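The structure presented is a predicted model; accordingly, all values stated were derived computationally and were not measured. Below, all heavy atoms of this structure are taken into account, side chains as well, without hydrogens, waters or symmetry copies. Residue numbering restarts at 1 for every chain, and letters A, B, ... go by the order of the sequence lines.
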Amino acid sequence: MINRFNKYRYASPATFYHFAGRLIPWFYGAAALFCVAGLYIGLFLAPTDFQQSEAYRIIFIHVPAAWMSMFIYVVMACWAALGLAFNTRMSFMMASALAPTGAMLTFVSLWTGALWGKPTWGAWWVWDARLTSELILFFLYLGFMALQSAIDDPRRADRAGALIALVGVVNVPIIYFSVRWWNTLHQGASVSMTKAPSMASIMLVGMLVMALAAWMYTIAAALSRARCIILERERNAQWVAQMLEADA
Amino acid sequence: MLEGKDLACVRGERTLFTHLNFTLREGELLLVQGANGSGKTSLLRMVCGLMAPESGEVLWRGEKIGAARESYHAEMAYFGHSPAVKEDLSAFENLDFACRLAGIPVKREEVKGALGHLGLGHCLNLPAKSLSQGQRRRVALSRLLLAKARLWILDEPLTALDQAALKLVQSLLGEHLRQGGMAVLTTHQPVMIPGIAPKILDLSA
Amino acid sequence: MSTSQTVIVLLRRELLLAMRRRGDVLTVLFFFVIVASLFPLGVGPDPKLLRLMGGGVVWVSALLAAMLSLGRMFASDHADGTLEQLVLTPTPPVVWITGKILAHWLVSGVPLILVAPVLGVQFGLSGEALGVLVFSLLLGTPVLSLIGAIGAALTLGLRGGGVLVSLLVLPLYIPVLIFGAGAVDGAMSGLGAEAHLSLLGGILILAFMLTPWAVSAALRISIE
Amino acid sequence: MNWNSWPEFFYMGGYALYVWGSFAVTAILVAGEIVMLRLHRKKALELALNTVKYGKVKNDENEA
């Protein structure tokens, strides 16, 4: 009686597991391809910037990482909302799978932001509105992952994480607005990254290609982490046993 | 009338029970039995709405308890593992606040009477932390008396009670059922109530 | 039973419990005063510098003090089983949750507001700035309790819950801190604090409308 | 093409530390995450194999 029930309920993770397994290599490949193209544009084709000479090339990593860190948090919140609304365990697993990659990209954007700030404004850390919001976004990611790891019961961990992701995504615009308000008030916007170097079209293309590379990479990483989570959660299920015997 | 349809429960990664059905009408007692870890407590928490079932529904008067939440909770009283007594408040204050919060207008004498009925008349104003575990369970049981709920959901109400209290609880239960009340009960001790044939639901099957 | 009666009954119970455990209220207050007094010891007694930092320091200390007492909001009820009985009352959960948050604010937010002027004077804040400080705390501390309730509900019964609550809730407190401390700074620098206070009021209304629903969902998740 | 020789390319107009610093750290983090994913997958497979082979011993003790 129990087995018949499991087959019905675990159908979707099983099909997702195999479906994702086939897709992951393609996404990794696409990510590598876009990355090489992006770097070629960024490092070889893009002209030297008259203000910052070569240091500005860091934006080919910094800006795509910043875009992706925000984009991933929103996607995570969407999966969370889907999971809470339709009670589908797969959506929760996707949200949990995205978080570490999002946190890593946020850290990359903070690190490259600091390295770009040093030659350009003479300080490793600039309390610029966007960098500060990026730092807060990093805390939101850490909060999500810390909450999920603190709860043993997977069902409660999924839902609690989903709720804090939703509360977080509602707060991100408020935080961003208040930080910009705080930044413009205190420093009069003299030192701020809003005045990015004049965007020659080739630079924009470079950044877009790198953003695509980051996107492909995120999908590949999230899918493979999701597969690991599925394996851990569904290890009692029938299809896992069959799959392992088939491989053995 | 209480009904459970095709209920399933998953705890962590283990499936405790599936395709569970039961019905309970006025004057009936449902005894939930099963080994430790077979999901007795989870089933009771599911029936009273504290826990959402993995699949299936619980119906009260034909309506899903999620939809009819307020009317269902107004007619139901839950008695869990912990006696739900605030240690800093006295026995009287605990009962008084509990009933008011549950929307049951209750007068001082009624609270005194209920506590006296359960043999706690002397420790009305003692802070609950000075009461023994057995006395605290009696305070929780007297809350059942005051609640005048049609459906009692009791999770092992007989543990930590002495002989006198055991007989008292069984008589209260019998009276409740004779007046057309309903009860879902998990217990390890045998429950003998004259004139009532309990329905048995065994989760270890 | 009308909703307002339930809230009043719950408030009476919470305040009675707080009176029975007066120590908890005082520890939050002492923490607030100690943290605020640490900064001059760390930064030095230069009055001009302290006056500049005053608003920010008092606000950060108030924020940390409010967060310290978040654990108490649901944890003791969860431990002795009364939280389950509250969830099973006929009144909608949003009602008694608002009551609980209001009670937490009365116990841990209001004392901070009363003590804040004393600390403000200690930092050399002028009369008008003190008034703005108190008013900004009046608008801000309820938001701290409201948003904090979500963290408290999510981390119910978790080991190491205290630290986890701070990690979850502090990022969400940042707008309140910015507008609160900014109001005092605005008042002192003559720019005027109306903009900050109105934004703070806006956040208070937004939080008051939305957070009880989030807390209700969080409790349903944690109690299962 | 901006550079006429590889050494000039790596010199990066004097900002080598910053540019290559950020590129290198990004590469390390990405590679690190991929390695972590591999380890995570190996651990998950072992766990699943263990559960399938030795049955659900671990789960039966905990109380419902």
Check whether C:L154 gets within reach of chain A through its side chain, its backbone, both or neither, counting any heavy atom under 4.5 Å.
both

C:I174 side, atom CD1; A:W182 side, atom CH2 - distance, nearest 0.5 Å:
10.0 Å

Heavy-atom neighbours of A:W125 CH2 exceed 12 at 6.0 Å:
yes

Can you name the closest pair of heavy atoms from C:A217 and A:L163 and give their distance?
CB-CD1, 4.1 Å

Reported CZ-to-CD distance for the pair A:R159 and C:E224, which is rounded to 0.5 angstrom:
6.5 Å

I need the minimum non-hydrogen distance between A:R156 and C:T155, along with the two atoms involved.
NH2-C, 4.0 Å

Heavy-atom neighbours of C:W96 CH2 exceed 12 at 6.0 Å:
yes

Does any backbone or side-chain atom of A:D152 lie under 4.5 Å from a heavy atom of chain C? Answer side chain, backbone, both or neither.
side chain

So what's closer than 4.5 Å to chain C heavy atoms on A:V179: side chain, backbone, both or neither?
both

Can you say whether the rings of A:F177 and C:F179 are parallel (under 30°), tilted (30 to 60°) or perpendicular (over 60°)?
tilted

Okay, C:L199 and chain A: the region with an atom under 4.5 Å from a heavy atom over there is side chain

So which of C:I178, C:I203, C:L206 has the biggest tally of heavy-atom pairs under 4.5 Å with chain A?
C:I178

Of the backbone (N, CA, C, O) and the side chain (C-beta and beyond), which part of C:I223 lies under 4.5 Å from a heavy atom of chain A, both, or neither?
neither

Interatomic distance, CD1@A:I174 vs CG@C:L172, rounded to 0.5 Å, equals 9.5 Å

Under 4.5 Å from any heavy atom of chain A - which part of C:R159:
side chain

Nearest heavy-atom contact between C:P171 and A:I175 is O-CD1, 3.5 Å

Region of C:S222 in contact with chain A, defined by heavy-atom distances below 4.5 Å
both

Heavy atoms of other groups near C:F208 CZ, more than 12 under 6.0 Å
no

State which residue, out of C:L167, C:V165, C:L158, fulfils the side-chain contact (heavy atoms from CB on, under 4.5 Å) condition with A:L147.
C:L158

Measuring from atom CD1 of C:I147 to atom CG of A:N171, what distance do you get when rounded to the nearest 0.5 angstrom?
6.0 Å

Do you know the tightest heavy-atom contact between C:A214 and A:V167?
CB-CG2, 4.4 Å

Which bit of C:L170 is near chain A, if near means a heavy-atom gap under 4.5 Å: side chain, backbone, both or neither?
neither

